[in-house]
Amino acid sequence: MDSGQKISIGGIKFSEELVHLQISGSATVRLLRSIADAALNLPFLCYGGPGDGDRTSLCVRRQDFADLQRLLGLPAIDRTRLEITTGVGTITIFPHNNSLALIGLLLNRFALLSNPIHSLSTSISAIAINTTFILLDEIAADLQMFLRLPGNHAPFRQTLRVEQLSG
Amino acid sequence: MSGANPGGGYVETIAVYREERVKVYGITLRRGLSLATLDLAGQACGELGRCLATLPIDCHRFDLVTGQYSGDDRFQLQLLFDQISQPTLVSTLESVLNSSGIAGDEARTGLLVRTPVAVLFLHGPHFQDRYGIADVAFSALAEGEIPILLSACAGTSMYLVLSDQLAEAGIELLRRTFLIPTAV
(Lines give C-alpha, C1' and ligand atoms only; values in the text may rest on other atoms or scores of the structure.)
Protein backbone atom coordinates (compact mmCIF):
# COMPACT_ATOMS: atom_id res chain seq x y z
CA MET A 1 0.00 0.00 0.00
CA ASP A 2 1.58 3.29 -1.01
CA SER A 3 0.93 6.73 0.37
CA GLY A 4 -1.39 7.47 -2.54
CA GLN A 5 -3.93 5.02 -1.09
CA LYS A 6 -4.43 6.51 2.33
CA ILE A 7 -7.12 5.05 4.58
CA SER A 8 -9.44 7.68 6.03
CA ILE A 9 -9.72 7.59 9.80
CA GLY A 10 -11.35 9.81 12.41
CA GLY A 11 -8.49 10.34 14.82
CA ILE A 12 -5.44 9.19 16.73
CA LYS A 13 -5.22 9.38 20.51
CA PHE A 14 -2.27 8.90 22.86
CA SER A 15 -2.50 7.61 26.43
CA GLU A 16 -0.55 8.82 29.40
CA GLU A 17 2.48 6.77 30.44
CA LEU A 18 1.59 3.23 31.50
CA VAL A 19 3.18 0.06 32.80
CA HIS A 20 2.44 -3.14 30.88
CA LEU A 21 2.18 -6.45 32.67
CA GLN A 22 1.97 -9.86 31.07
CA ILE A 23 1.13 -12.87 33.15
CA SER A 24 0.76 -16.47 32.08
CA GLY A 25 -0.75 -19.32 34.05
CA SER A 26 -4.12 -19.46 35.70
CA ALA A 27 -3.83 -16.60 38.20
CA THR A 28 -5.86 -14.04 36.26
CA VAL A 29 -9.05 -14.11 38.32
CA ARG A 30 -7.10 -13.87 41.61
CA LEU A 31 -4.95 -11.05 40.25
CA LEU A 32 -7.95 -9.09 38.99
CA ARG A 33 -9.56 -9.41 42.43
CA SER A 34 -6.40 -8.12 44.13
CA ILE A 35 -6.15 -5.23 41.67
CA ALA A 36 -9.79 -4.32 42.28
CA ASP A 37 -9.33 -4.52 46.05
CA ALA A 38 -6.39 -2.13 45.74
CA ALA A 39 -8.60 0.27 43.73
CA LEU A 40 -6.29 0.20 40.72
CA ASN A 41 -7.80 1.01 37.35
CA LEU A 42 -6.86 -1.03 34.28
CA PRO A 43 -6.97 1.13 31.15
CA PHE A 44 -6.30 -1.99 29.09
CA LEU A 45 -6.88 -5.71 29.59
CA CYS A 46 -6.54 -8.62 27.21
CA TYR A 47 -7.07 -12.19 28.38
CA GLY A 48 -6.72 -15.40 26.41
CA GLY A 49 -7.51 -18.68 28.08
CA PRO A 50 -8.63 -20.79 29.72
CA GLY A 51 -6.41 -23.18 31.66
CA ASP A 52 -2.68 -23.32 32.22
CA GLY A 53 -2.18 -21.61 28.89
CA ASP A 54 -3.89 -18.45 30.18
CA ARG A 55 -2.24 -15.26 29.02
CA THR A 56 -3.17 -11.86 30.31
CA SER A 57 -1.83 -8.49 29.24
CA LEU A 58 -2.84 -5.45 31.22
CA CYS A 59 -1.81 -1.86 31.77
CA VAL A 60 -1.83 0.38 34.81
CA ARG A 61 -0.93 4.04 35.05
CA ARG A 62 2.70 4.73 35.89
CA GLN A 63 1.76 6.24 39.25
CA ASP A 64 -0.10 3.03 40.17
CA PHE A 65 2.91 0.82 39.52
CA ALA A 66 4.22 0.84 43.09
CA ASP A 67 0.85 -0.42 44.34
CA LEU A 68 0.80 -3.06 41.61
CA GLN A 69 4.27 -4.25 42.59
CA ARG A 70 3.08 -4.80 46.15
CA LEU A 71 0.28 -7.00 44.80
CA LEU A 72 2.70 -8.96 42.64
CA GLY A 73 4.59 -9.87 45.78
CA LEU A 74 1.55 -11.77 47.06
CA PRO A 75 2.14 -15.52 47.56
CA ALA A 76 -0.69 -16.38 45.13
CA ILE A 77 1.18 -14.76 42.24
CA ASP A 78 3.86 -16.80 40.48
CA ARG A 79 6.51 -14.18 39.71
CA THR A 80 8.31 -16.48 37.26
CA ARG A 81 5.36 -16.09 34.92
CA LEU A 82 5.37 -12.31 34.93
CA GLU A 83 6.82 -9.88 32.46
CA ILE A 84 6.75 -6.19 33.34
CA THR A 85 7.45 -3.43 30.82
CA THR A 86 7.68 0.18 31.95
CA GLY A 87 7.49 3.26 29.74
CA VAL A 88 4.52 1.99 27.74
CA GLY A 89 1.91 4.09 25.95
CA THR A 90 -1.24 3.25 24.04
CA ILE A 91 -1.90 4.63 20.59
CA THR A 92 -5.58 4.45 19.73
CA ILE A 93 -6.72 4.74 16.12
CA PHE A 94 -10.37 5.18 15.28
CA PRO A 95 -12.50 4.03 13.64
CA HIS A 96 -11.13 0.67 12.56
CA ASN A 97 -14.20 0.00 10.40
CA ASN A 98 -13.71 -3.71 11.20
CA SER A 99 -11.09 -3.79 8.46
CA LEU A 100 -8.50 -6.56 8.47
CA ALA A 101 -6.47 -4.55 5.95
CA LEU A 102 -6.05 -1.74 8.49
CA ILE A 103 -4.89 -4.23 11.12
CA GLY A 104 -2.39 -5.56 8.59
CA LEU A 105 -1.11 -2.10 7.78
CA LEU A 106 -0.53 -1.36 11.46
CA LEU A 107 1.26 -4.67 12.09
CA ASN A 108 3.45 -4.06 9.07
CA ARG A 109 4.40 -0.45 9.89
CA PHE A 110 5.26 -1.29 13.50
CA ALA A 111 7.46 -4.16 12.34
CA LEU A 112 9.20 -2.17 9.60
CA LEU A 113 10.19 0.57 12.06
CA SER A 114 11.04 -1.97 14.79
CA ASN A 115 8.47 -0.42 17.09
CA PRO A 116 7.33 -2.96 19.67
CA ILE A 117 3.74 -4.11 20.00
CA HIS A 118 3.32 -5.38 23.55
CA SER A 119 -0.36 -6.14 23.02
CA LEU A 120 -3.33 -4.84 21.09
CA SER A 121 -7.09 -4.98 21.09
CA THR A 122 -9.96 -3.56 19.16
CA SER A 123 -12.96 -2.06 20.91
CA ILE A 124 -16.30 -1.25 19.35
CA SER A 125 -14.78 1.28 16.96
CA ALA A 126 -11.10 1.74 17.80
CA ILE A 127 -7.90 -0.24 17.89
CA ALA A 128 -5.57 0.25 20.84
CA ILE A 129 -1.91 -0.75 20.50
CA ASN A 130 0.45 -0.78 23.47
CA THR A 131 3.93 0.30 22.49
CA THR A 132 6.78 2.47 23.76
CA PHE A 133 5.53 5.71 25.31
CA ILE A 134 8.28 7.98 24.03
CA LEU A 135 7.75 6.74 20.47
CA LEU A 136 4.06 7.67 20.24
CA ASP A 137 4.59 10.91 18.28
CA GLU A 138 7.04 9.25 15.92
CA ILE A 139 4.70 6.32 15.30
CA ALA A 140 1.74 8.62 14.62
CA ALA A 141 3.83 10.64 12.16
CA ASP A 142 4.75 7.46 10.28
CA LEU A 143 1.18 6.17 10.23
CA GLN A 144 -0.07 9.45 8.80
CA MET A 145 1.77 8.61 5.59
CA PHE A 146 -0.83 5.86 5.20
CA LEU A 147 -3.80 7.11 7.22
CA ARG A 148 -5.69 10.31 6.46
CA LEU A 149 -6.98 12.34 9.39
CA PRO A 150 -9.89 14.74 8.90
CA GLY A 151 -8.86 18.33 8.07
CA ASN A 152 -7.59 20.35 11.02
CA HIS A 153 -7.22 17.23 13.14
CA ALA A 154 -4.01 16.06 14.75
CA PRO A 155 -3.15 13.24 17.15
CA PHE A 156 -4.15 14.30 20.65
CA ARG A 157 -3.60 13.52 24.30
CA GLN A 158 -6.56 13.48 26.61
CA THR A 159 -6.32 16.27 29.17
CA LEU A 160 -9.54 15.51 31.06
CA ARG A 161 -9.23 12.66 33.51
CA VAL A 162 -11.95 10.89 35.47
CA GLU A 163 -10.77 9.08 38.56
CA GLN A 164 -12.82 6.88 40.85
CA LEU A 165 -11.80 7.66 44.41
CA SER A 166 -13.51 4.82 46.28
CA GLY A 167 -15.94 2.01 45.78
CA MET B 1 -12.89 14.50 37.64
CA SER B 2 -9.93 16.70 36.83
CA GLY B 3 -8.60 18.50 33.80
CA ALA B 4 -5.77 20.74 32.72
CA ASN B 5 -6.35 24.42 33.43
CA PRO B 6 -5.24 26.74 30.61
CA GLY B 7 -3.97 29.09 33.31
CA GLY B 8 -1.72 26.37 34.71
CA GLY B 9 -2.25 23.63 37.28
CA TYR B 10 -5.41 21.59 37.38
CA VAL B 11 -9.04 22.27 38.09
CA GLU B 12 -10.81 19.52 39.93
CA THR B 13 -14.43 18.60 40.38
CA ILE B 14 -15.64 15.84 42.68
CA ALA B 15 -19.00 14.20 42.13
CA VAL B 16 -20.45 11.61 44.49
CA TYR B 17 -22.29 8.74 42.89
CA ARG B 18 -23.36 5.44 44.41
CA GLU B 19 -24.49 2.24 42.75
CA GLU B 20 -25.28 -1.05 44.41
CA ARG B 21 -24.41 -2.93 41.25
CA VAL B 22 -22.20 -1.75 38.42
CA LYS B 23 -24.41 -0.11 35.84
CA VAL B 24 -23.97 -0.89 32.16
CA TYR B 25 -25.64 0.61 29.12
CA GLY B 26 -26.59 -2.87 27.99
CA ILE B 27 -25.31 -6.37 27.34
CA THR B 28 -25.33 -7.71 23.81
CA LEU B 29 -25.03 -11.37 22.92
CA ARG B 30 -23.85 -12.44 19.48
CA ARG B 31 -23.82 -16.12 18.62
CA GLY B 32 -22.68 -18.08 15.61
CA LEU B 33 -19.14 -16.74 15.59
CA SER B 34 -15.73 -18.27 15.01
CA LEU B 35 -12.53 -17.54 16.88
CA ALA B 36 -9.29 -17.93 14.93
CA THR B 37 -6.03 -18.06 16.85
CA LEU B 38 -2.91 -17.41 14.84
CA ASP B 39 0.25 -18.30 16.69
CA LEU B 40 3.41 -17.11 15.00
CA ALA B 41 6.95 -16.00 15.65
CA GLY B 42 7.11 -12.36 16.73
CA GLN B 43 9.31 -11.41 13.78
CA ALA B 44 6.71 -12.80 11.34
CA CYS B 45 4.10 -10.20 12.35
CA GLY B 46 5.41 -7.66 9.87
CA GLU B 47 5.13 -10.02 6.92
CA LEU B 48 1.69 -11.15 8.01
CA GLY B 49 0.68 -7.50 8.27
CA ARG B 50 2.08 -6.71 4.82
CA CYS B 51 -0.06 -9.46 3.27
CA LEU B 52 -3.19 -8.51 5.19
CA ALA B 53 -2.72 -4.87 4.18
CA THR B 54 -3.07 -5.83 0.52
CA LEU B 55 -6.61 -7.11 1.10
CA PRO B 56 -9.45 -4.87 -0.08
CA ILE B 57 -10.21 -2.44 2.72
CA ASP B 58 -13.83 -3.59 3.06
CA CYS B 59 -13.39 -7.36 2.92
CA HIS B 60 -13.20 -9.76 5.86
CA ARG B 61 -14.97 -7.80 8.56
CA PHE B 62 -14.07 -8.84 12.09
CA ASP B 63 -15.91 -8.51 15.37
CA LEU B 64 -12.81 -8.37 17.55
CA VAL B 65 -9.05 -8.60 17.13
CA THR B 66 -6.56 -9.01 19.95
CA GLY B 67 -2.85 -9.67 20.04
CA GLN B 68 -0.37 -10.49 22.75
CA TYR B 69 2.84 -12.38 23.29
CA SER B 70 2.59 -15.95 24.49
CA GLY B 71 6.19 -16.55 25.57
CA ASP B 72 9.35 -17.48 23.64
CA ASP B 73 8.73 -14.50 21.35
CA ARG B 74 5.54 -16.07 20.03
CA PHE B 75 2.79 -13.61 19.10
CA GLN B 76 -0.79 -14.71 19.29
CA LEU B 77 -3.28 -12.87 17.10
CA GLN B 78 -6.91 -13.73 17.76
CA LEU B 79 -9.71 -12.83 15.39
CA LEU B 80 -13.40 -13.13 16.10
CA PHE B 81 -15.70 -13.13 13.09
CA ASP B 82 -19.04 -14.32 11.80
CA GLN B 83 -19.20 -18.08 11.29
CA ILE B 84 -20.59 -17.49 7.80
CA SER B 85 -17.30 -15.81 6.85
CA GLN B 86 -15.21 -18.68 8.19
CA PRO B 87 -14.46 -20.53 4.92
CA THR B 88 -13.34 -17.43 3.07
CA LEU B 89 -11.49 -15.85 5.98
CA VAL B 90 -9.65 -19.04 6.94
CA SER B 91 -8.81 -19.60 3.29
CA THR B 92 -7.45 -16.05 3.10
CA LEU B 93 -5.40 -16.51 6.26
CA GLU B 94 -3.99 -19.81 5.02
CA SER B 95 -3.19 -18.24 1.68
CA VAL B 96 -1.48 -15.32 3.44
CA LEU B 97 0.54 -17.68 5.62
CA ASN B 98 1.60 -19.79 2.62
CA SER B 99 2.38 -16.92 0.25
CA SER B 100 4.40 -15.06 2.87
CA GLY B 101 6.43 -18.13 3.72
CA ILE B 102 5.38 -17.82 7.35
CA ALA B 103 3.58 -21.18 7.30
CA GLY B 104 6.64 -23.15 6.28
CA ASP B 105 9.21 -21.61 8.55
CA GLU B 106 10.81 -23.27 11.51
CA ALA B 107 8.62 -21.27 13.83
CA ARG B 108 5.70 -23.68 13.34
CA THR B 109 3.00 -21.12 12.72
CA GLY B 110 -0.32 -22.44 13.90
CA LEU B 111 -3.86 -21.53 12.92
CA LEU B 112 -6.58 -22.87 15.16
CA VAL B 113 -10.25 -22.11 14.60
CA ARG B 114 -12.77 -22.65 17.35
CA THR B 115 -16.42 -22.63 16.34
CA PRO B 116 -19.14 -21.96 17.24
CA VAL B 117 -18.43 -19.36 19.88
CA ALA B 118 -20.40 -16.42 21.20
CA VAL B 119 -19.47 -12.99 22.44
CA LEU B 120 -20.97 -10.94 25.22
CA PHE B 121 -20.38 -7.25 24.72
CA LEU B 122 -21.00 -4.69 27.41
CA HIS B 123 -20.07 -1.10 27.92
CA GLY B 124 -20.75 1.33 30.67
CA PRO B 125 -20.13 4.82 31.96
CA HIS B 126 -16.44 5.70 32.32
CA PHE B 127 -15.42 2.04 32.27
CA GLN B 128 -11.93 3.06 31.12
CA ASP B 129 -11.47 5.19 34.25
CA ARG B 130 -12.97 2.93 36.92
CA TYR B 131 -11.46 0.04 38.79
CA GLY B 132 -12.96 -3.37 39.47
CA ILE B 133 -15.21 -3.70 36.43
CA ALA B 134 -13.30 -6.60 34.86
CA ASP B 135 -13.10 -8.29 38.26
CA VAL B 136 -16.89 -8.19 38.61
CA ALA B 137 -17.39 -9.90 35.25
CA PHE B 138 -14.55 -12.40 35.56
CA SER B 139 -15.49 -13.39 39.11
CA ALA B 140 -19.15 -13.88 38.21
CA LEU B 141 -18.32 -16.12 35.28
CA ALA B 142 -15.71 -18.04 37.30
CA GLU B 143 -18.26 -18.67 40.08
CA GLY B 144 -20.71 -19.86 37.43
CA GLU B 145 -18.01 -22.16 36.05
CA ILE B 146 -18.24 -20.53 32.65
CA PRO B 147 -14.78 -20.40 31.06
CA ILE B 148 -13.79 -17.25 29.21
CA LEU B 149 -12.06 -18.07 25.94
CA LEU B 150 -11.00 -14.52 25.23
CA SER B 151 -11.63 -11.15 26.77
CA ALA B 152 -10.66 -7.64 25.80
CA CYS B 153 -11.28 -4.42 27.67
CA ALA B 154 -10.24 -1.18 26.02
CA GLY B 155 -11.98 2.16 26.21
CA THR B 156 -15.48 1.70 27.61
CA SER B 157 -15.92 -1.71 25.95
CA MET B 158 -15.70 -5.19 27.41
CA TYR B 159 -15.81 -8.29 25.25
CA LEU B 160 -16.19 -11.77 26.70
CA VAL B 161 -15.93 -14.68 24.27
CA LEU B 162 -17.50 -17.92 25.47
CA SER B 163 -18.33 -21.29 24.06
CA ASP B 164 -21.61 -21.00 22.15
CA GLN B 165 -23.16 -23.69 24.39
CA LEU B 166 -22.61 -21.51 27.46
CA ALA B 167 -23.72 -18.24 25.88
CA GLU B 168 -27.23 -18.16 27.37
CA ALA B 169 -26.00 -19.12 30.83
CA GLY B 170 -23.32 -16.45 30.54
CA ILE B 171 -25.64 -13.62 29.63
CA GLU B 172 -28.13 -14.59 32.35
CA LEU B 173 -25.33 -14.51 34.89
CA LEU B 174 -24.13 -11.10 33.75
CA ARG B 175 -27.69 -9.74 33.70
CA ARG B 176 -27.94 -10.68 37.37
CA THR B 177 -24.49 -9.25 38.10
CA PHE B 178 -24.70 -5.89 36.37
CA LEU B 179 -27.50 -3.35 36.51
CA ILE B 180 -29.11 -2.70 33.14
CA PRO B 181 -31.37 0.35 33.18
CA THR B 182 -34.81 -0.35 31.76
CA ALA B 183 -37.51 2.02 30.55
CA VAL B 184 -40.56 2.44 32.84
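From a predicted model like this one, the values you see are computed outputs, not experimental measurements.
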*Asks:* Taking side chain as everything from C-beta outward and backbone as N, CA, C, O, which of these in A:Thr28 sits under 4.5 Å from a heavy atom of chain B? Side chain, backbone, both or neither.
*Replies:* side chain
*Asks:* Can you see which heavy atom on B:Phe75 is nearest to which on A:Leu120, and at what distance?
*Replies:* CZ-CD2, 4.2 Å
*Asks:* Any side-chain to backbone donor/acceptor pair from B:Gln68 onto A:Arg55? Under 3.5 Å, distance only.
*Replies:* yes
*Asks:* Return the option, out of B:Gly46, B:Ser151, B:Ser157, with the maximum number of heavy-atom pairs under 4.5 Å with chain A.
*Replies:* B:Ser151
*Asks:* side-chain contact (heavy atoms from CB on, under 4.5 Å) between A:Leu107 and B:Leu77: does it pass, once the steps are laid out?
*Replies:* CA-CA 11 Å; A:Leu107 289 176; B:Leu77 194 67; 4.2 Å; yes
*Asks:* Counting only heavy atoms not in B:Glu172, do more than 12 sit closer than 6.0 Å to its CD atom?
*Replies:* yes
*Asks:* Which heavy atom in B:Tyr159 sits nearest to a heavy atom in A:Thr122, and how many Å separate them?
*Replies:* CE1-O, 4.1 Å
*Asks:* Atom CG in B:Leu150, atom OG in A:Ser121: separation rounded to 0.5 Å?
*Replies:* 8.0 Å
*Asks:* Output the distance between atom OH (B:Tyr131) and atom CG (A:Leu32), rounded to the nearest 0.5 Å.
*Replies:* 15.0 Å
*Asks:* Nearest 0.5 angstrom please: A:Leu42 CG to B:Asp135 CG, how far?
*Replies:* 9.5 Å
*Asks:* Measure across B:Phe121 and A:Ile124 and return the closest heavy-atom pair with its distance rounded to 0.1 Å.
*Replies:* CZ-CD1, 3.7 Å
*Asks:* Determine whether B:Leu89 and A:Leu100 satisfy the following criterion, side-chain contact (heavy atoms from CB on, under 4.5 Å), listing intermediate values before the conclusion.
*Replies:* CA-CA 10 Å; B:Leu89 184 65; A:Leu100 209 50; 3.6 Å; yes
*Asks:* Rounded to the nearest 0.5 Å, what separation is found between the OG atom of A:Ser99 and the CG atom of B:Leu55?
*Replies:* 8.0 Å
*Asks:* Which one, A:Ile127, A:Thr90, A:Ile103, A:Leu112, leads in non-hydrogen pairs under 4.5 Å with chain B?
*Replies:* A:Ile103
*Asks:* Is it possible for you to say whether B:Leu166 and B:Leu33 belong to one hydrophobic cluster, with membership spreading through side-chain heavy-atom contacts below 4.5 Å?
*Replies:* no
*Asks:* Could you have a look at B:Ala154, B:Ala142, B:Gly155 and say which one has the most heavy-atom pairs with chain A under 4.5 angstrom?
*Replies:* B:Ala154
*Asks:* Please tell me whether B:Val24 and B:Ile171 are part of a single hydrophobic cluster in this structure, the criterion being side-chain heavy atoms less than 4.5 Å apart.
*Replies:* yes
*Asks:* Considering only heavy atoms, which portion of B:Phe81 lies under 4.5 Å from any heavy atom of chain A: side chain, backbone, both, or neither?
*Replies:* neither
*Asks:* Please verify the inter-ring angle class for A:His96 with B:Phe62; under 30° counts as parallel, over 60° as perpendicular, anything in between as tilted.
*Replies:* tilted
*Asks:* Within a radius of less than 6.0 Å around CD1 of B:Ile84, do more than 12 heavy atoms belonging to other residues, nucleotides or ligands occur?
*Replies:* no
*Asks:* Just so I understand: if I count every heavy-atom pair under 4.5 Å between each of B:Met158, B:His123, B:Gln76 and chain A, which residue has the most?
*Replies:* B:Gln76
*Asks:* Drop me the distance from B:Leu52's CG to A:Asn108's CG, to the nearest 0.5 angstrom.
*Replies:* 9.5 Å
*Asks:* Hey, quick one: are B:Leu97 and B:Leu112 part of the same hydrophobic cluster, counting side-chain heavy atoms closer than 4.5 Å, chains of contacts allowed?
*Replies:* no
*Asks:* So which heavy atom on B:Ala134 is nearest to which on A:Leu45, and how close?
*Replies:* CB-CD2, 3.6 Å
*Asks:* Just so I understand: if I count every heavy-atom pair under 4.5 Å between each of B:Gly49, B:Ala152, B:Ser139, B:Gly132 and chain A, which residue has the most?
*Replies:* B:Gly49
*Asks:* In terms of heavy-atom contacts, does CD of B:Glu145 have more than 12 from other residues, nucleotides or ligands at under 6.0 Å?
*Replies:* no
*Asks:* Answer yes or no: does atom CZ of B:Arg130 have more than 12 heavy-atom neighbours from other residues, nucleotides or ligands under 6.0 Å?
*Replies:* yes
*Asks:* Please flag which part of B:Leu79 lies under 4.5 Å from any non-hydrogen atom of chain A: side chain, backbone, both or neither.
*Replies:* side chain
*Asks:* Say whether B:Val136 and B:Ile180 are linked into one hydrophobic cluster, either directly or through other cluster members, by side-chain heavy-atom distances under 4.5 angstrom.
*Replies:* yes
*Asks:* For the hydrophobic clusters of this structure (ILVMFWY residues joined by side-chain heavy atoms under 4.5 Å, transitively), does one cluster hold both A:Phe110 and A:Phe94?
*Replies:* no
*Asks:* Among B:Leu64, B:Leu160, B:Ile148, which has the most heavy-atom pairs under 4.5 Å with chain A?
*Replies:* B:Ile148
